[in-house]
Amino acid sequence: MSDSVLAPADEAELAAAVAAAAASGTPLAIEGAGTKRGLLRPVQAARTLSLRGLSGITLYKPQELILQARAGTPLPEIAAALAEHGQHLIAEPPSLTALFGSEGAPTLGGLVATNLSGPRRISGGAMRDHVMGIRAVNGKGEVFRSGGRVLKNVTGLDLCKLLTGAHGTLGVLTEITLKVLPGPEATGTVAVAVADLAQGVQVLSAGLGSPYGVSAAALLPQGLPAGWAGLDGPQAVLRLEDFAESVAYRGGRLRAELAGFGAVHWLEGEASRALWEAVREAEPLSAEPEDAVWRVSVAPGEGPQVVADAGCPKSLLDWGGGLVWLAGPATEAQHDAVMAAAAAAGGTFTLFRAPEALRAAVAVLPAEPPALAAIGARVKAVMDPAGILNPGRMRAGL
Amino acid sequence: MIRLPDPKPEVLARREAILAGLRAILPEDGVISETLRLKPYETDGLSAYRQPPLAVVLPTSTAEVAAVLRLCQAEGVRVVPRGAGTSLSGGALPLADAVVIGMMRMNRILEVDYANRLAVVEAGVTNLGITNHVSADGFFYAPDPSSQLACMIGGNVGMNSGGAHCLKYGVTANNLLGVKLVTMAGEVVEIGGQHLDAAGYDWLGLITGSEGQLGIVTEVTVRILRSPEGQRAMLAAFKGTEIAGQAVDAIIGSGIIPVALEFMDRPCIHACEAFAHAGYPLDAEAMLIIEVEGSVAEQDMLLGKLKEICNRFDPISLKVAQSAEESLAIWKGRKGAFGAVGRISPDYLCMDGTIPTGELPFVLKRIGEMSASYGLQVANVFHAGDGNLHPLIMFDANDPESFRKAESFGADILKLCVEVGGCLTGEHGVGVEKRDLMGVQFTAAELTQQRAIKSAFDPAWLLNPAKVFPLEDNPALQRAA
């Protein structure tokens, strides 16, 4: 198996490897640490192109809010460098290794290629919002750049956004420049006991519509393990992150404004941090190893209806109700129900985790309208004419 | 002078037939073709360039836009989308053989949803119009370009507009949920919706800032945010640009991200003070306007921290607004900066590059040297938190030599921005203005790839051609003439 893994030491070697693969028509599975190998469709590729040789932070200017690193850099290395200067990744990207049952730490390239964002997505933006620059190799083996190392840049087409979330199908990211921000001095969470999901989303909506700068808003399901953060679900939880004086003041105002909905708790410091780390990793979903897992994105108010329509036994709502995590039987019937629920709510879905057979058999992402699908096929042909980059990862035959 | 592609003779020859086709699609007053009535459309915010189009159409619905594009595609007619025509980079400059599609009649706010914190609006709604519509309920639309009174959301999407407050709230791309896009083939596609993040390719991200190269946006779903409890500004003036730059570094390093962090150099301070009498210190080399948000107590806390930081850099003057009125007074000079420069010079070019913020002192020094060697004055406004620099180059448009020099000076500044690790444009777009400088920032292969992506949307290069990409080496725009 090992001789089928290409592990170039630098960008030039990587470009040469891709060019050679293009010439011979050899499909490549692009991989960082491989922690999300189970995401979307299985890639049928003769060879794996590993980014592990392209690692390390290449530029970090805390005062300019800019960090640049090679794609194979492990997330903990980046988090540690940022923490030294009291800064953090704005989108709060999840690791999800527990969910996928995978080993090791995710890489920066993998996080950008999958555009996975955590609870702070609703207030701070997604991974895609903070990718200020990329270097990448297209499917012809050509190195190209987009964006740069500054915070504001509208020069030319924004290929940073096109490649973020493209799951390695349009190019192999080799270096990424991120906007970063100072981490908060303090954090606190208001938890409100709610009667049901509908009321829960109302509470989240009231908090997010307040002037107190709620940074995250989730809905914890009923039946949380006993003692979990001292709460018993269902609970609407809203996070504040700021200077200590602000968190104290805003927490007080928010508790007062939300008290009418149900019993209110206040979690501070470590208790608050642990709760949101768990939400980020979808722990309250309590997915069993044999369950399939879906992520549905809808307008926040549609979240409860999606849960009802999909009929999955387990759910967790984040992003004010707009991100619906679902877990249930790994069957085509259940998948169809989730697809229908997402479509009825006007949103999108991702089959996030499932046995390989199901992932290969069904559409793991919603179909695009024909006009857009045709444009997508032409863009794919521009970036990867030989079709060698992660073939079939997002859609069968693409 | 910028070169425009040769008009297509076959299109000019079929002008009457094309006009008749357009009149069959649109209401009677929706097609403009008389020379005099085309006049207002012959230029935009980059008024040095003028070119009357073949015709202007003013559609009132997505269906009309789609029908116009189908006709233009069939006839091989180029189209130029236009919002309010405020582009400073010539993004809406017409071509002699092009139909300008003016979006100003599509100005309805279709839906406001406070529970989901979004608004669905047509492309011709003004930027400020969105905020005005929701402000009584305590909400606002965050990106605030200087032209926000006039500029339209469709143009904001096209240019990925920023503003003075994007350090905290991001630019247009960060505040969108979806668009309705009409392709050059006249197909209507919904991209995104009322949810966050695409499950497939991020078309919304690619289209935002694509300067009308990929399609015409007719509807936009924006995120609206609850307004903070209040905001207040302070002013800090320093003896040198370097020391002011160090103060900016110290502010960001302290963990405070102000909602706005504006920097003005000495010529700009003087121009603004003469115009607005805002009480700016005339002996300063550099001045910062810093704005914070929150309750009054939170404002006091943040302004206290900021004051303490600025005091470490030996300020000439430090003034913390005590009221909303005093905040407005501090902002008054900055907001009138363009008008102020307009008063001391008959004409000016507003440039727009971004630099790594640490390079500011070096860049300002180099700009000063260039100013002396070109013999043209320049005033600099700078969004200090995000490195977006706006040099205002003063010249006399009645003197062709003065204009030529100003353009050349501007190009040198933008090349300098790229040289120090920045880019050609932070928020105004490439348009025609910076089109021929694209080779400074990108390799030929990179430009070829970007053009191929445009071709995937618009194979015949009918959508706003002659913008963004250099004309040279562009097979799509080379004609057997």
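The structure displayed is predicted, hence computed values, not measured ones. Here is how names work: the chains are called A, B, and so on, in the same order as the sequence lines, proteins then strands, and each is numbered from 1.
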Problem set entry | Winner by heavy-atom pair count (cut-off under 4.5 Å) against chain B, out of A/Val150, A/Leu204, A/Val143, A/Leu65 | A/Val150
Exercise. If you tally heavy-atom pairs under 4.5 Å against chain A, which of B/Leu424, B/Thr443, B/Leu167 wins?
Worked result: B/Leu424
For this session: Against chain A, label B/Ile257 side chain, backbone, both or neither, depending on which of its atoms sit under 4.5 Å from a heavy atom there.
Result: side chain
For this session: Side chain from CB out, backbone as N, CA, C, O: work out which of these in A/Val382 comes under 4.5 Å of a heavy atom of chain B, or both, or neither.
Result: side chain
For this session: Against chain B, label A/Thr350 side chain, backbone, both or neither, depending on which of its atoms sit under 4.5 Å from a heavy atom there.
Result: side chain
Exercise. Checking heavy atoms, do the side chain of A/Phe349, its backbone, both or neither come under 4.5 Å from chain B?
Worked result: backbone
Exercise. When you check the gap from the basic side-chain N to the acidic O, do A/Arg128 and B/Asp202 get nearer than 4.0 Å?
Worked result: yes
Exercise. Can you tell me if B/Glu427 and B/His390 form a side-chain donor-acceptor pair at under 3.5 Å?
Worked result: yes
Exercise. Any idea which heavy atoms bring A/Val296 and A/Ala342 closest together, and the distance?
Worked result: CG1-CB, 3.8 Å
Seminar exercise, completed: Checked B/Lys168, B/Lys305, B/Glu190, B/Glu211 vs chain A; the most non-hydrogen pairs under 4.5 Å come from B/Lys305
Exercise. How about B/Thr425 and B/Asp352: does a side-chain donor come under 3.5 Å of a side-chain acceptor?
Worked result: yes
Exercise. Does B/Gln246 have any side-chain contact (heavy atoms from CB on, under 4.5 Å) partners at least two apart in sequence or in another chain, and if so, which?
Worked result: B/Ile243, B/Phe313
Problem set entry | Portion of B/Leu447 that has a non-hydrogen atom of chain A nearer than 4.5 angstrom | neither
For this session: Determine the option with the most heavy-atom pairs under 4.5 angstrom with chain A, choosing from B/Glu229, B/Lys454, B/Gln213.
Result: B/Glu229
Exercise. Any chance the side chains of A/Thr169 and B/Tyr201 put a donor and an acceptor closer than 3.5 Å?
Worked result: yes
For this session: Run the salt-bridge test on A/Arg121 and B/Asp197 with the 4.0 Å N-O cut-off and return the result as yes or no.
Result: yes
For this session: Output the option from A/Leu159, A/Leu157, A/Asn138, A/Val201 having the highest count of non-hydrogen pairs under 4.5 Å with chain B.
Result: A/Leu157
For this session: Verify, without hydrogens or angle tests, whether B/Asn116 (side chain) and B/Leu118 (backbone) share a donor-acceptor contact under 3.5 angstrom.
Result: no
Exercise. Of the listed residues (B/Val189, B/Val430, B/Ile453), which shares the most heavy-atom pairs with chain A below a 4.5 Å separation?
Worked result: B/Ile453
For this session: Please name the pair of heavy atoms, one in B/Thr354 and one in B/Cys417, separated by the smallest distance, quoted to 0.1 Å.
Result: O-CB, 3.8 Å
Exercise. For A/Pro62, is it the side chain, the backbone, both or neither that has a heavy atom under 4.5 Å from a heavy atom of chain B?
Worked result: backbone
For this session: May I ask you to check whether A/Tyr60 and A/Gln87 show a side-chain donor-acceptor distance below 3.5 Å?
Result: yes
For this session: Report yes if the distance between the aromatic ring centroids of B/Tyr169 and B/Phe140 is under 6.0 Å, otherwise no.
Result: yes
Seminar exercise, completed: If one checks every heavy atom of B/Phe139 against chain A at 4.5 Å, the contacting part turns out to be side chain
Exercise. Which residues pass the side-chain hydrogen bond (donor to acceptor under 3.5 Å, both in side chains) test with A/Gln68, sequence neighbours left out?
Worked result: A/Thr177
Exercise. Between B/Asn388 and chain A, which part of the residue has a heavy atom less than 4.5 Å away: side chain, backbone, both or neither?
Worked result: side chain
Problem set entry | Most chain B-contacting option - heavy-atom pairs closer than 4.5 Å, from A/Pro300, A/Gly133, A/Gly148 | A/Pro300
Seminar exercise, completed: Applying a strict 4.5 Å limit to non-hydrogen atoms, the region of B/Glu187 in contact with chain A is side chain
Problem set entry | Contact winner vs chain B - A/Ser297, A/Gly320, A/Ala377, A/Ser205, heavy-atom pairs under 4.5 Å | A/Ser297
Problem set entry | Interchain contact, B/Leu225 with chain A, by part (heavy-atom threshold 4.5 Å) | neither
Exercise. Is it the backbone or the side chain of A/Leu181 that comes under 4.5 Å from a heavy atom of chain B, or both, or neither?
Worked result: side chain
Exercise. In terms of heavy-atom pairs under 4.5 Å with chain A, which of B/His383, B/His428, B/Arg223 leads?
Worked result: B/Arg223
Problem set entry | Residue among B/Glu298, B/Gln450, B/Met438 with most heavy-atom pairs under 4.5 Å to chain A | B/Glu298
Seminar exercise, completed: In terms of heavy-atom pairs under 4.5 Å with chain B, the winner among A/Ala126, A/Gly125, A/Ser246 is A/Ser246
